[in-house]
Amino acid sequence: MSSQIIPVDPFDYIVFGGNGDLAERKLLPALYHRDHDGQMPDEARIIGASRSYISDEDYRSFASKAIETHVRPQDRDEASIARFLARLHYREVDAKSDKGWDDLKWLLDEGGQDRIRAFYLAVSPSLFADLSSKVSEKGLANAKTRLVVEKPVGRDLASAKALNDTIGRYFREDQVFRIDHYLGKETVQNLMALRFANMLYEPVWKSGYIDHVQITVAESVGLEGRTSYYDKAGALRDMVQNHMLQLLCLVALEPPSAMNADALRDEKLKVLRALRPIDTSNVEQRTVRGQYKAGASGGTAVRSYLDDLANGDSDTETFVALKVDIGNWRWAGVPFYLRTGKRLSQRMSEIVVTFRPIPHSIFDSSAGNVVQNQLVMRLQPDEGVKQWLMIKDPGPGGMRLRHVPLDMSFAESFHTRNPDAYERLLMDVIRGNQTLFMRRDEVEAAWEWVDPILKAWTDKSVKPQGYTAGTWGPSSSIALIERDGRTWHEPD
Ligand code: BG6
């Protein structure tokens, strides 16, 4: 079974930072896949742009290597690669001066005014303002222009507002696509399907029936060469402010009236605004910061965070765990435990919803324990959903109870390649569908909640605790949940 491919309208994708890491690892491979699957019209072009000079030919070799490295052999064929490479162009432009802009405009105009122009800012946020103004002032924008902004959108509320103001000077909000690639992941969208395309869950999706929710985004990798960005950000800004809060919102939101951009984003915004503050009064009870020490990852010895940094001295957290409350009727008394970190035991992201214990057991002790139901939504790897239930152990021997999963592993069930999140999102930009992108007020509401945590860490001198690389983080993150009589879900 495969999903339907609906071709998109003719477009030019202009990728600033077109020869950078994101373009190489994610954007070019994702665009290749969409072309390979027949979604791109003949006229579609992809134009890499950056400050360095690269010929069109060299850019095509760069893309060809990216495809070879990041696309599975079974999805590569010569004809598709040749067709994709023929769509590629490259222009040298300088965000800070006039250099190259006329040339880029000439190339775009050659494609005509009718096609969609999607400008993707895969560059440092310090260039967002210059690039937005140049695109607008140099006459590159047409009636069908969209601007795609990669995270981070700011490093606190004030800088996010300033950035949004700048972008807003040149582009309307309905033209701005703020990417949070977690929203493009299949399981994340499946969460919407599970909740709102079934009668089963919604009636029990609330505090009377749900005991607590866990969201784990664990990575086994370290800094991957992003030391200077990461050391200024840390796990709270890098992962919680965006990806993890977005996941939390999708678990917690009220049913939107329709699956459209504003209906969904209005509901997410209400969740963000209902988050109970974490500040100096409770930061020590509700947060844990960690930083990895030397250890092992996948059987290989790895260095500590401080050794990974050039300067070797830093209080930046590479791990964070939080206990979050949502102050509304649906979620009163249901804690959301969040944890994320680098150099953890394995790459594993999941959302676990644990239901309350049954109110009364009719079974005697020989039947064994009645374990609480759990819904486990696995984002990666092995995307899928498991609903854990109690059943009778089959066969004779009286009534013995067993905890078993109804298991829906997507790869096994659908025999289909799991598309990367960027594939869906890049095409949504062309379709003009903002449902899976963050609206300005959402980003700002998330910072409004995160800022007091950052401030409280400073005011209370909350330093990261060391954890050995290859483990699940500092022991205090285990204590954070265990003192409530709960445990982190053990991945299978
Ligand atoms: C990015 C973060 O947004 O997400 C990275 O900046 C992180 O630090 C990455 O590694 C994780 O994405 P994924 O899709 O690999 O889970």
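Note that these values count all heavy atoms, side chains included, but never hydrogens, waters or copies made by symmetry. The first residue of the sequence shown is numbered 1, and numbering continues consecutively from there.
Between D428 and R424 there is a salt bridge, since a side-chain N of the basic residue sits under 4.0 Å from a carboxylate O of the acidic one. A salt bridge links D165 to R440: at least one charged side-chain nitrogen sits closer than 4.0 Å to a carboxylate oxygen. We find that K144 and D9 are not joined by a salt bridge, their nearest charged nitrogen and carboxylate oxygen being 4.0 Å or further apart.
To the nearest 0.5 Å, atoms CD (Q387) and CD (Q374) are separated by 9.0 Å. With rounding to the nearest 0.5 Å, the separation of CD in E254 from CZ in R330 is 4.0 Å. We find the OG-CD1 distance between S476 and I481 to be 13.0 Å, quoted to the nearest 0.5 Å. Between the CD atom in E448 and the CD atom in Q241 there is a gap of 11.5 Å [rounded to 0.5 Å]. Distance check: Q372 CD to R486 CZ gives 8.5 Å after rounding to the nearest 0.5 Å. To the nearest 0.5 angstrom, R276 atom CZ is 11.0 Å from I278 atom CD1.
Sorted by first and then second residue, the salt bridge (charged side-chain N to carboxylate O under 4.0 Å, His left out) pairs involving residues 185-197 (not counting sequence neighbours) are R195-E202. The salt bridge (charged side-chain N to carboxylate O under 4.0 Å, His left out) analysis of residues 229-247, with sequence neighbours excluded, yields the pairs K151-D238, R226-D238.
T287 places no side-chain N or O within 3.5 Å of a backbone atom of E284 that could act as its donor or acceptor partner. Not a single donor-acceptor pair under 3.5 Å links the side chain of R400 to the backbone N or O of D393. Of the possible donor and acceptor atoms, one in the side chain of R356 sits under 3.5 Å from a partner among the backbone N and O of S207. Side chain of Q434 to main chain of E173: a donor-acceptor pair is present (N/O by atom type, distance under 3.5 Å, no hydrogens or angles). When atom types are taken as modelled, the side chain of N433 and the backbone of T435 share a donor-acceptor pair closer than 3.5 angstrom. Without hydrogens or angle criteria, Q214 side chain to R339 main chain gives no donor-acceptor distance under 3.5 Å. Side-chain atoms of T340 come within 3.5 Å of backbone atoms of V217 as a donor-acceptor pair (strictly under, hydrogens ignored). A side-chain donor-acceptor contact under 3.5 Å links W205 to the backbone of V251. In this structure a side-chain-to-backbone donor-acceptor pair under 3.5 Å is missing from N282 to Q285. Although no hydrogens or angles enter the test, the distance criterion places a donor-acceptor pair under 3.5 Å between the side chain of W331 and the main chain of A252.
Using the six-membered ring where Trp is involved, H243 and Y182 have ring planes that are parallel, under 30° apart on the 30 and 60° scheme. Between F119 and F16, the angle of the ring planes stays under 30°, which puts this pair in the parallel group of the 30/60° scheme. Between Y120 and Y13, the two ring planes are tilted [angle within 30° to 60°].
Smallest separation of non-hydrogen atoms from M377 and L194: SD-CD1, 4.1 Å. What you find for F177 and R146 is that their closest heavy atoms are CE1-CG, 3.6 Å. Of all non-hydrogen atoms in A23 and G17, the two that sit nearest each other are CB-O, 3.7 Å. The heavy-atom pair separating W472 from A218 by the smallest distance is CZ3-CB, 3.6 Å. Closest heavy-atom contact between I116 and I430: CD1-O, 3.4 Å. The nearest pair of heavy atoms linking F11 to M427 is CZ-CE, 4.4 Å.
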side-chain contact (heavy atoms from CB on, under 4.5 Å) evaluation trace for L436 with Q189: CA-CA 9 Å; L436 299 176; Q189 295 171 61; 3.8 Å; yes
Pair L275-L248, side-chain contact (heavy atoms from CB on, under 4.5 Å): steps then yes or no: CA-CA 10 Å; L275 296 175; L248 177 147; 3.8 Å; yes
Stepwise side-chain contact (heavy atoms from CB on, under 4.5 Å) test for D325 and R286: CA-CA 10 Å; D325 286 344; R286 289 189 167 261; 2.8 Å; yes
CA sep, side-chain torsions, deciding dist, call: R265, D441, salt bridge (Lys or Arg N to Asp or Glu O under 4.0 Å): CA-CA 9 Å; R265 298 186 298 179; D441 48 8; over 6 Å; no
Derivation of the side-chain contact (heavy atoms from CB on, under 4.5 Å) call for L223 and Y229: CA-CA 9 Å; L223 297 183; Y229 154 74; over 6 Å; no
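Residues L269 and R439 are in side-chain contact: their nearest non-hydrogen atoms beyond the backbone lie under 4.5 Å apart. Within the 4.5 Å cutoff, the side chain of Y337 has no heavy atoms near those of the T216 side chain. Y305 has its side chain within reach of Y230: a pair of non-hydrogen atoms, C-beta onward, lies under 4.5 Å apart. L147 has its side chain out of reach of Y170: every pair of non-hydrogen atoms, C-beta onward, lies at least 4.5 Å apart.
For the residue pair T187 and N190, no side-chain donor N or O sits within less than 3.5 Å of a side-chain acceptor on the partner. Judged purely by distance below 3.5 Å, without hydrogens or angles, the side chains of E24 and H70 pair a donor atom with an acceptor atom.
Of the residues P381, P491, S297, S220, the one that meets the side-chain contact (heavy atoms from CB on, under 4.5 Å) test with Q346 is P491. For the side-chain contact (heavy atoms from CB on, under 4.5 Å) with L191, the qualifying choice from V353, L247, L250, V385 is L250, the only one to do so.
No more than 12 heavy atoms of other residues, nucleotides or ligands shown are found within 6.0 angstrom of NZ on K455. With a 6.0 Å radius and a threshold of 12 heavy atoms from other residues, nucleotides or ligands, R431 has its CZ atom above the threshold. Surrounding CG of N369 are at most 12 heavy atoms belonging to other residues, nucleotides or ligands under 6.0 Å away.
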